[in-house]
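Atoms within each ligand, like the ligands themselves, are counted from 1 in listed order. Note that the structure is a prediction, hence the values are computed from the model and not measured.
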Amino acid sequence: MKPYRVLIVEAHPFQLEYVLNVFNEVGGFTVDTVRDGVFALECLALHAYDLLLCDLLMPIMDGVQLIQKVAALEQPPALALVSAAPRRMLVSAELAAKNLGLSVLGLIAKPVETDALRHLKARLAVARLNAESACVHTLNIDPRSIELAMNNGQIQAWFQPKISLRNGNILSAEALVRWAHPESGLLLPKDFLSALISLGLEERLLWLMLEQTLQAQRQWRARGRDVPVSINLPTHLLNEHDLVDRLRNYVVNHGTEPSRIVFELMESSTTEELGNYYAGACRLRMMGFGLAQDDFGKGFSSYFNLISTPFSELKIDRSLVHGCAENESLACALISLVQLSRKLGLTVVAEGVETRAELDFLRSIECDQAQGFFIGGATSCSDFAAELYSYPFNRPALSVR
Ligand code: C2E
Ligand code: CA
Ligand code: CA
């Protein structure tokens, strides 16, 4: 495999020698080294690197200043921050980098250990694979074909399970859009959602997801399983006052109770008038639908919004869940969110559960439900039906201990 080209910025000769030894021990890297940010920028102008490894506290130019300059490069490398600074400092530097468009593959405490570097290497491998498949995807997608794909069944609702943390059973699902593209294979929202939005097809997508969800629920019901499904509702669609009535009529006319559908209000958009937001949220609940705050904790979700909207469910964003078993700050945030949800009478769902340790921690703090790759990714309607019957017996790792 092609080695990863890495640029290390390290001012102290002793520490540099130590880090180089760790890189040699793990292997698979070609490493260049410089002693400060100015030299780093010169190197980055001359060569393409897979990874830039730097500290926060550095002479001449600190790590955050270097991040700001690197973000302005045409093809910036991925970044790993190595520092003895407190973890929260590293996390805010990471957020600075991510919001400037950089990919951050690791936050590593000094001294760098071989295990930490092995993890970083694994993330570099995933990043390389993603970059390769992104190239393939973008080559083949014609935005004009999106509308056609919505009409001919290529754009589909897939379903990701949400399980009870009390008994491990599948309680419900989230509908996630997928495009079964004839040439490029299965495409994810990141590959086509922004093009779909710019074509003004977001409301059309909502109806497509609802239609396919009701069909799926009918198929599962015919096999004896009643599964509530959550559907993503971009908040700005509530600007249309009659949307809620149309949703209710559609669901009822298709023989389904509104309580079997939960709308997830997404943080990424908002109504022009705050009044439309509250009116829409309130009426969705009055019609009997479930209502979830999606992605809580990501971006700028507000506590005021949470306590003043009649939500039935709180979905905690994966940025607060990922690593919660080892990170004390995340653990504290989760404990307080679970307690708050309990007081507000909300069902609390942790998103993005990727490990057994995260699942066990969430169970120990009495979070209600979990969703994530450790439990299962999104699958087609028929594969989900198969999961419903075999689960959790086919997944011993998920059984309650
Ligand atoms: P979301 O609503 O927060 O959906 C959860 C996303 O997290 C899904 O990505 C899911 O596959 C992914 N995920 C689930 N478990 C894990 C995990 O353990 N680790 C990680 N890293 N990710 C996990 P997906 O399907 O790619 O969707 C991305 C976003 O696209 C969604 O985020 C939602 O904002 C949007 N989206 C998806 N389907 C629809 C849709 O039908 N309508 C609209 N308007 N937006 C949608
Ligand atoms: Ca969602
Ligand atoms: Ca979410």
Side-chain angles (χ1 to χ4, degrees), residues 98 103 105 123 126-127 130 133-134 137 146 149-150 154-163 172-180 186-214 216 228-238 243 247 261-270 290-299 301 311 313-325 337 348-359 362 369-381 384 397-398:
K98 282 186 171 167
S103 155
L105 299 184
R123 290 200 189 113
V126 173
N130 285 345
S133 64
H137 286 164
I146 293 179
M150 291 178 96
Q154 286 174 11
I155 291 199
Q156 302 165 0
W158 280 38
F159 301 92
Q160 184 177 31
K162 288 156 72 187
I163 61 160
S172 57
E174 176 174 1
L176 294 164
V177 64
R178 298 290 181 262
W179 182 352
L186 189 72
L187 303 187
L188 298 172
K190 70 174 170 52
D191 302 312
F192 62 90
L193 196 57
S194 54
L196 184 151
I197 292 169
S198 61
L199 291 168
L201 293 170
E202 235 175 337
E203 185 177 339
R204 167 92 182 82
L205 176 64
L206 174 68
W207 289 103
L208 181 151
M209 297 299 283
L210 182 60
E211 181 190 345
Q212 294 194 16
T213 293
L214 295 178
V229 173
S230 304
I231 294 177
N232 289 290
L233 173 57
T235 308
H236 69 90
L237 294 183
L238 295 176
L243 179 78
L247 289 171
I261 300 290
V262 177
F263 287 107
E264 297 193 359
L265 292 186
M266 302 161 70
E267 272 233 319
S268 48
S269 74
T270 180
L291 191 66
Q293 164 74 74
D294 202 1
D295 301 339
F296 190 82
K298 175 170 139 185
S301 32
F311 290 118
E313 184 174 312
L314 174 69
K315 296 194 77 177
I316 304 180
D317 187 65
R318 67 168 178 269
S319 55
L320 289 180
V321 174
H322 187 61
C324 64
L337 281 176
V348 56
V349 184
E351 294 195 89
V353 178
E354 292 186 354
T355 66
R356 164 101 246 170
E358 287 162 9
L359 193 83
L362 291 161
Q369 298 181 20
Q371 178 180 347
F373 293 156
F374 184 70
I375 295 149
T379 54
S380 65
C381 164
F384 188 86
L398 293 169

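- Considering only heavy atoms from C-beta on, F373 comes within 4.5 Å of Q160 through its side chain.
- Take E203 and apply the side chain to side chain contact (heavy atoms under 4.5 Å, CB included) test, not counting sequence neighbours, and it matches W207, L237, E240, L243, R246.
- Here the side chains of F263 and I261 are in contact, with some heavy-atom distance below 4.5 Å.
- Partners of F311 under the ring-ring contact (aromatic ring centres under 6.0 Å, His included) rule, at least two apart in sequence or in another chain, do not exist in this structure.
- In this structure, K162 pairs ionically with E313, as a charged nitrogen and a carboxylate oxygen lie closer than 4.0 Å.
- Protein residues with a heavy atom closer than 4.0 Å to ligand 1 are Q160, E174, L176, V177, R178, P189, L193, L205, M209, N232, P234, M266, D294, D295, R318, E351, G352, V353, E354, G372, F373, listed by chain and number.
- A heavy-atom distance below 4.5 Å is found between the side chains of V321 and L362.
- Here the side chains of R204 and L196 are not in contact, with every heavy-atom distance at 4.5 Å or above.
- Around the Ca ion (ligand 3), the protein N, O or S atoms found under 3.0 Å comprise D294 OD1, D295 OD1, E351 OE1, E351 OE2.
- Under the 4.5 Å side-chain criterion, counting only non-hydrogen atoms from C-beta, L205 is not in contact with N232.
- No side-chain heavy atom of P161 sits less than 4.5 Å from a side-chain heavy atom of E174.
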